[in-house]
Amino acid sequence: MKEEFKAFVIDRDESTKEQSQGWKTVSTDDLMDGDVTVRVRHTTMNYKDALAITGKSPVVRRFPMVPGIDLAGEVVASESDRFQPGQNIILNGWGVGETHWGGYAEYARLKSDWLLHQPEGLSGADCMAVGTAGYTAALCVLRLQDLGVKPEDGKVLVTGASGGVGSFAISFLAQLGYTVAASTGRMEEEPYLKTLGASEIVDRGTLSGKGRPLDKETFAAAVDSVGSQTLANVLSKIAYGGTVAACGLAQGVDLPSTVMPFILRGVTLAGVDSVMAPLETREPAWSMISKTLDRDALAQITQSAALEDIEDLASQLLEGKIRGRLLIDVD
Ligand code: NDP
């Protein structure tokens, strides 16, 4: 089978190191190696996709590259016993959109080891509205649960609350019975965050500047997608024996903290990675999503976006102007 199709391609001039990008017509023969070929139906835009498209961070490590770290679609050809033509699959991460052509195209060829069957009870569009951001939020929540954080322990803080990870973390935690405090720089989003399940709003300005190594024990646990000074301040406010699931760097990659929360309060800092997480970790996360997903919250969190607008959307997302998640219908 040979099909010509449109793909958004990022390229780089190796002498000047300047990045260029745009829509190109390519063919299924141009696709990279893999044992499953997929007709992409839906994709999304994550923070990492926005970094790749704008070139603000060296996310793309092989050129030319089709970005898009998440995709959902239908198998059209397969050499794998796990997948048959006509089945619906989802993919999150594994370096797709970074070193392997990704979701901003009508077709993708992928390794079967990276794919999950579309989870029961969710459509491809649902899965892409959730995307890596929501799946990472689920990994964070499961990590807190694995480390023994219970609803009766006290409030759980979610930073970067209006973003993709933050919005889903609030919704999942609230659905599971936790009391959620949401930290945001967009105080006007209070009604949105409360609809998702937050019972208290924290101005992110109170967390983003230099704070004390140990502060008042305020939260039993936290999901942090911000990093840097915010994460340092969050650690200092975690109650004895509490846990922070850290997955992001929206404020920065540094962590200007001390060992005090760890050695005096037994706080656990649990790192969460979605990209290379094995299938045994992904499957429970998607199963939790399909059981816990609140349809009203999903509708609040998700905005539909057009593939043609991805360059504008990438800039807006990095400027913190996108609330929640973007769902892109590739058809
Ligand atoms: P979004 O851009 O949707 O959300 C990030 C949110 O962080 C913003 O909405 C904003 O929330 C807050 N924020 C932005 N800039 C700052 C700042 N300078 N200081 C404090 N808060 C800030 O991104 P995602 O939710 O998709 O991703 C969040 C982070 O998680 C990113 O760093 C991303 O790379 C990382 N990530 C990591 C994954 C992993 O596998 N470890 C997977 C997915 C994401 P508000 O306006 O409410 O304050």
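Just follow the structure's listing: the first ligand is 1, and inside any ligand the first atom is 1.
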If you measure from atom 25 (O) of ligand 1 to every heavy atom of Val275, Val165, Leu193, which option wins on shortest distance?
Val165
So, 4.0 Å and heavy atoms of Ser208: is ligand 1 close enough to count as a contact?
no
Do NZ/NE/NH1/NH2 and the carboxylate oxygens of Glu98 and Arg62 come within less than 4.0 Å?
no
Charged N to carboxylate O below 4.0 Å: is that the case for Arg39 and Glu74?
no
Note the single closest protein heavy atom to atom 15 (N) of ligand 1, along with its residue, its atom name and the distance in Å.
Ala250 O, 3.7 Å
Starting from atom 36 (N) of ligand 1, which protein heavy atom do you reach first, and at what distance in Å?
Cys247 O, 3.6 Å
With a cut-off of 4.0 Å, which atoms of ligand 1 are near a heavy atom of Ala161?
47 (O)
Atoms in ligand 1 flagged as close to Ser274, the criterion being non-hydrogen separation under 4.0 Å
39 (C), 40 (O), 42 (C)
Tell me yes or no: between the side chains of Arg109 and Thr37, is some donor less than 3.5 Å from an acceptor?
yes
Interatomic distance, OH@Tyr178 vs NZ@Lys150, rounded to 0.5 Å, equals 8.0 Å
Give me the nearest non-hydrogen protein atom to atom 13 (N) of ligand 1 as residue plus atom name, then the distance to 0.1 Å.
Arg204 NH1, 3.3 Å
Parallel, tilted or perpendicular: ring planes of Phe8 versus Trp23, cut at 30 and 60 degrees:
perpendicular
Minimum distance, heavy atoms only, to atom 30 (O) of ligand 1: which one of Gly252, Gly324, Gly248 is it?
Gly248
Proximal ligand 1 atoms for Thr136, defined as those under 4.0 Å from one of its heavy atoms
38 (C), 42 (C), 43 (C)
Looking only at distance, does Asn46 have an N or O less than 3.5 Å from an N or O of ligand 1?
no
Distance-only side-chain donor-acceptor flag, Asp215 / Asn233, under 3.5 Å
no
Phe219 side, atom CZ; Lys237 side, atom NZ - distance, nearest 0.5 Å:
7.0 Å
Under 4.0 Å from ligand 1, counting heavy atoms only, is it the side chain of Gln251, its backbone, both or neither?
both
Heavy-atom nearest neighbour in the protein, as seen from atom 29 (C) of ligand 1, with distance rounded to 0.1 Å
Ser225 O, 3.3 Å
Using a 4.0 Å cut-off to any heavy atom of Val226, which atoms of ligand 1 qualify?
20 (C), 21 (N)
Does Leu317 reach ligand 1, in the sense of a heavy atom lying below 4.0 Å from it?
yes
Can Glu188 and Arg186 be counted as an ion pair, charged N to O under 4.0 angstrom?
no
Name the closest protein heavy atom to atom 47 (O) of ligand 1, giving the residue it belongs to and the distance to 0.1 Å.
Thr184 OG1, 2.6 Å
Judged by heavy atoms only, the candidate from Lys48, Arg186, Arg323 nearest atom 9 (O) of ligand 1 is Arg186
How far is atom 32 (O) of ligand 1 from its nearest protein heavy atom, and which residue and atom name does that atom have?
Leu249 N, 2.9 Å
Is the shortest side-chain N to carboxylate O distance from Arg323 to Glu189 below 4.0 Å?
yes
Please determine whether a side-chain nitrogen of the Lys or Arg among Arg12 and Glu18 lies less than 4.0 Å from a carboxylate oxygen of the Asp or Glu.
no
Would one find an N or O of Ile322, backbone or side chain, under 3.5 Å from an N or O of ligand 1?
no
Worked verdict on Tyr192 versus Ser167 for side-chain hydrogen bond (donor to acceptor under 3.5 Å, both in side chains)
CA-CA 9 Å; Tyr192 164 72; Ser167 295; 2.7 Å; yes
Going by an N to O cut-off under 4.0 Å, is there a salt bridge joining Arg295 and Asp126?
yes
Residue and atom name of the nearest protein heavy atom (relative to atom 2 (O) of ligand 1), distance in Å to one decimal:
Tyr47 CD1, 3.3 Å
Decide whether an N or O pair under 3.5 Å exists between Thr132 and ligand 1.
no
To the nearest 0.1 Å, how far is atom 4 (O) of ligand 1 from its closest protein heavy atom, and which atom is that?
Gly163 CA, 3.2 Å
Have a look at ligand 1 and work out which part of Leu318, if any, has a heavy atom under 4.0 Å from it: side chain, backbone, both or neither.
neither
Which heavy-atom pair separates Val38 from Val76 by the least distance, and what is that distance?
N-CG2, 4.2 Å
For atom 6 (C) of ligand 1, state which one of Ser228, Gly185, Gly227, Gly160 supplies the nearest heavy atom.
Gly160
Please report the interatomic distance NZ(Lys291) to CH2(Trp286), rounded to the nearest 0.5 Å.
14.0 Å
